[in-house]
Amino acid sequence: MWGFMGLLPLILHWFFIEWYSGKKSSSAFFQHITALLECTVAALITLLVNDPVGYLHIRSCGVEKLSDWYTMLYNPSPDYVNTVHCTQEAVYPLYTIVFIYYAFCLVLMMLLRPLLIKKIACGLGKSDRFKSIYAALYFLPILTVIQAVGGGLLYYAFPYIILVLSLITLAVYMSASEIETFKDLLVKKKRLVVLFSHWLVHAYGIISISRMDKLERDLPLLALVPGPTLFYLLTAKFTDPSRIRQEEGSGH
């Protein structure tokens with residue numbers, strides 16, 4: 001689950017960088033690299049400062065049930081009047097480590113990104129240069145609230161969320177880019193990068209469902225990763241709106 005919540009800021013960074021950079025801007029690539037560097041360094045620092053300190057792994061408590069994530073709702077009331085606020089994080093550090101990671105992401109972004117954009121974002125107007133940073137100042141607090149409220153639910157549901165979202169976003173991207181054939185997919189390298197990125201996320205979702213306990217049995221399921229792309233390309237010509245309207249017109 002920490003991997004899922006860790007990938008979300010990077011994916012959103014890339015999305016808003018691409019959204020606000022514009023087709024003529026040459027700064028998008030460098031901003032993508034900077035965002036990857038920010039999130040990678042933030043993840044490494046987060047691992048190093050958590051127990052055991054100085055090592056790139058964490059020592060965590062096991063999760064047995066959903067209520068383990070919300071121990072603050074189970075503070076005891078010995079006299080049925082006064083509540084003793086003595087509960088601790090039962091899933092330590094799976095709950096708080098995400099907040100630490102987001103804090104480092106924010107700090108590194110504010111230190112690195114403005115300097116980079118000021119130097120290389122010459123293809124953008126002054127009002128558009130920092131919009132990707134402004135977007136991050138919105139989505140990072142939103143992700144923090146989602147983790148605070150729904151961390152336990154995400155722990156059990158995130159593999160299925162990954163699969164559904166990767167399918168939806170891939171279909172939307174291919175539709176918006178008017179990709180209907182294999183030739184259209186190979187025209188631009190950027191499209192292949194987006195495609196392989198979706199495949200990696202989809203594979204991550206499949207592996208997360210197996211939870212590593214029966215990986216040998218579930219590993220062949222990775223062969224299904226290209227399936228949605230192949231299905232889309234093979235059926236896109238049958239669902240083209242212009243063709244449907246043309247057939248309706250010829251029918252009358």
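These values consider heavy atoms only, across backbone and side chains, with no hydrogens, waters or symmetry-generated copies. Just so you know, residue 1 is the first one in the sequence shown, and it goes up from there.
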Hphob cluster co-occupancy, [X] + [Y], side-chain heavy atoms under 4.5 angstrom:
X: Leu230; Y: Tyr173; value: yes
X: Ile168; Y: Ile161; value: no
X: Tyr102; Y: Ile142; value: yes

If we ignore hydrogens and angles and just use 3.5 Å, is the side chain of [X] paired with the main-chain N or O of [Y] as donor and acceptor?
X: Asn50; Y: Leu47; result: no
X: Arg113; Y: Thr34; result: no
X: Ser177; Y: Met174; result: no
X: Ser175; Y: Ala171; result: no

Trace of the side chain to side chain contact (heavy atoms under 4.5 Å, CB included) decision for Tyr70 with Leu153: CA-CA 10 Å; Tyr70 305 102; Leu153 298 175; 4.3 Å; yes
Ile97 and side chain to side chain contact (heavy atoms under 4.5 Å, CB included): which partner among Asp51, Val91, Val49, Ile58? Ile58
Evaluate the ring-ring contact (aromatic ring centres under 6.0 Å, His included) criterion for residues Phe99 and Tyr95: first the C-alpha distance (whole Å), next the side-chain angles of each, then the deciding distance (0.1 Å), finally the verdict. CA-CA 8 Å; Phe99 303 132; Tyr95 187 75; 5.4 Å; yes
When rounded to the nearest 0.5 angstrom, what is the spacing between CZ in Phe158 and CE in Met5? 11.0 Å
Return the orientation label for the Phe139 and Phe16 ring planes: parallel under 30°, perpendicular over 60°, tilted otherwise. parallel
Ring-plane angle category for Tyr55 and His57, please: parallel below 30°, perpendicular beyond 60°, tilted otherwise.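 Tilted: the ring planes of Tyr55 and His57 meet at 30° to 60°.
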Is the count of non-hydrogen atoms from other residues, nucleotides or ligands lying under 6.0 Å from Tyr138 atom OH greater than 12?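 Atom OH in Tyr138 is not packed in, count stays at 12 or less.
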Between Leu137 and Met109, does a side chain to side chain contact (heavy atoms under 4.5 Å, CB included) hold up when you go through it step by step? CA-CA 10 Å; Leu137 295 178; Met109 181 191 71; 4.0 Å; yes
Does the ring centre of Trp199 sit less than 6.0 Å away from the ring centre of Phe196? yes
For a 4.5 angstrom cut-off between non-hydrogen side-chain atoms, does Leu233 reach Ile179?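 Contact flag for Leu233/Ile179 side chains = yes.
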